[in-house]
Trainee: 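Pasting a structure below so you can have a look.
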Amino acid sequence: QVQLVESGGGLVQAGGSLRLSCTASGRPISNYVMGWFCQAPGKEREFVAATTWGGGSTYYTDSVKGRFTISRDNAKNTVYLEMNSLKPEDTAVYYCAAKSLVGSYNLPGPYRYWGQGTQVTVSS
């Protein structure tokens with residue numbers, strides 16, 4: 001079992017920045033692909049970014065490329081999402097998730113472990 005706890009969400013003005021953290025316990029995250037997803041009210045959960053176990057490969061949805069950066073510190077069992085140039089449309093609950101190497105990195109289904117989510121609100 002892996003327990004994931006997100007932190008770092010909050011209210012920020014458009015153009016501002018936030019850094020989300022996801023700390024894992026139970027098992028080392030070095031065994032897992034780590035991803036961030038977001039879900040706005042009335043919408044499905046959507047892929048934001050993912051990183052492979054060593055951090056050598058990262059993936060982003062098109063809308064956040066150049067603005068968001070995913071990184072991981074396996075020694076601290078933590079994955080981060082640096083969010084810059086935030087837009088009102090980035091407003092959502094952001095979830096951290098972990099999965100094995102099997103399955104698509106950009107779909108929520110293959111992810112086995114999920115955090116409780118952290119709210120990000122961007123005001124215009």
Side-chain angles (χ1 to χ4, degrees):
Q1 287 285 347
V2 177
Q3 293 79 41
L4 303 173
V5 178
E6 303 97 335
S7 61
L11 173 64
V12 64
Q13 289 188 332
S17 299
L18 284 173
R19 188 194 196 200
L20 306 184
S21 298
C22 171
T23 300
S25 60
R27 289 183 180 178
I29 65 168
S30 57
N31 298 328
Y32 298 93
V33 172
M34 300 299 296
W36 285 96
F37 289 76
C38 68
Q39 188 166 18
K43 294 188 176 181
E44 294 185 351
R45 195 164 295 188
E46 299 178 342
F47 171 73
V48 177
T51 176
T52 54
W53 70 271
S57 295
T58 56
Y59 309 93
Y60 300 92
T61 192
D62 286 345
S63 63
V64 308
K65 286 179 181 177
R67 299 190 299 124
F68 291 9
T69 302
I70 188 171
S71 61
R72 62 194 296 162
D73 186 335
N74 287 341
K76 295 182 178 180
N77 235 26
T78 299
V79 63
Y80 305 96
L81 185 68
E82 187 76 33
M83 310 165 70
N84 297 314
S85 302
L86 282 161
K87 304 175 181 180
E89 51 264 43
D90 295 321
T91 295
V93 177
Y94 283 74
Y95 297 90
C96 172
K99 72 174 207 59
S100 69
L101 294 179
V102 177
S104 300
Y105 63 84
N106 61 341
L107 297 175
Y111 287 81
R112 181 175 182 180
Y113 302 106
W114 291 85
Q116 83 289 349
T118 185
Q119 177 71 48
V120 171
T121 303
V122 184
S123 64
S124 58

Trainee: Please work out which of the three classes, parallel, tilted or perpendicular, describes the rings of Tyr113 and Tyr32, given edges at 30° and 60°.
Mentor: perpendicular
Trainee: Can you tell me if Glu6 uses its side chain to pair, donor with acceptor, with the backbone of Cys96 under 3.5 Å?
Mentor: yes
Trainee: Are more than 12 heavy atoms, taken from residues, nucleotides or ligands other than Leu101, located less than 6.0 Å from that residue's CG atom?
Mentor: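 Incorrect, the count does not exceed 12.
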Trainee: Count I, L, V, M, F, W, Y as connected when their side-chain heavy atoms are under 4.5 Å apart, and connections chain through other members. Are Phe47 and Leu4 then in the same cluster?
Mentor: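 No, no single cluster joins them.
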Trainee: Is the side chain of Asn74 donor-acceptor paired with the backbone N or O of Asn31 at a distance under 3.5 Å, no angle test?
Mentor: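 Side chain of Asn74 to backbone of Asn31, a donor-acceptor pair under 3.5 Å: no, none is there.
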Trainee: Look at the side chain of Arg45 and the backbone N and O of Pro108, then say whether any donor-acceptor pair between them is shorter than 3.5 Å.
Mentor: no
Trainee: Is there a path from Val48 to Ile70 through hydrophobic residues (I, L, V, M, F, W, Y) whose side chains come within less than 4.5 Å of each other?
Mentor: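 Looking at the clustering, Ile70 is in the same group as Val48.
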Trainee: When you group the ILVMFWY residues by side-chain heavy-atom contacts below 4.5 Å and let the links chain together, are Met34 and Trp114 in the same group?
Mentor: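 Different hydrophobic clusters.
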Trainee: If Ile, Leu, Val, Met, Phe, Trp and Tyr residues are connected whenever their side-chain heavy atoms lie under 4.5 Å apart, and connections chain through other members, are Val33 and Leu81 in the same group?
Mentor: no
Trainee: Considering all heavy atoms of both residues, which atom of Arg72 and which atom of Thr52 are nearest to each other, and what is their separation?
Mentor: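 Closest approach of Arg72 to Thr52: NH1-O, 2.6 Å.
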Trainee: Determine the minimum heavy-atom distance between Ala14 and Ser124, stating which atoms define it.
Mentor: CB-CA, 4.4 Å
Trainee: Rounded to the nearest 0.5 Å, what's the gap from SG on Cys38 to CD on Glu44? Could you check?
Mentor: 12.0 Å
Trainee: Can you check whether Thr91 reaches Gln119 side chain to side chain, under 4.5 Å on heavy atoms?
Mentor: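 Yes - at least one pair of side-chain heavy atoms lies under 4.5 Å apart.
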Trainee: Check Gln1 against Gln3 and note the closest heavy-atom contact, atom names and distance.
Mentor: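 Heavy atoms of Gln1 and Gln3 come nearest at CB-NE2, 3.5 Å.
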Trainee: Distance check, rounded to the nearest 0.5 Å: Arg112 atom CZ versus Lys99 atom NZ?
Mentor: 13.0 Å
Trainee: Quick one: closest heavy-atom pair of Tyr80 and Asp73, and the distance?
Mentor: CE1-CB, 4.1 Å
Trainee: Is it true that a side-chain atom of Asn84 and a backbone atom of Ser17 form a donor plus acceptor pair closer than 3.5 Å?
Mentor: no
Trainee: Of all heavy-atom pairs between Val79 and Ser71, which one has the smallest distance, and what is that distance?
Mentor: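 In terms of heavy atoms, the two residues are closest at CG2-O, 3.0 Å.
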Trainee: Give the cluster check for Val64 versus Leu18: same hydrophobic cluster or not, with ILVMFWY residues linked at side-chain heavy-atom distances below 4.5 Å.
Mentor: yes
Trainee: Mind checking whether Tyr95 and Tyr111 have ring centres under 6.0 Å apart?
Mentor: no
Trainee: Check this for me: does any side-chain nitrogen of one of Asp90 and Lys87 sit under 4.0 Å from a carboxylate oxygen of the other?
Mentor: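 Salt bridge absent between Asp90 and Lys87.
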Trainee: What closest approach, in Å, do Phe37 and Tyr105 show between heavy atoms, and which atom pair accounts for it?
Mentor: CZ-O, 4.0 Å
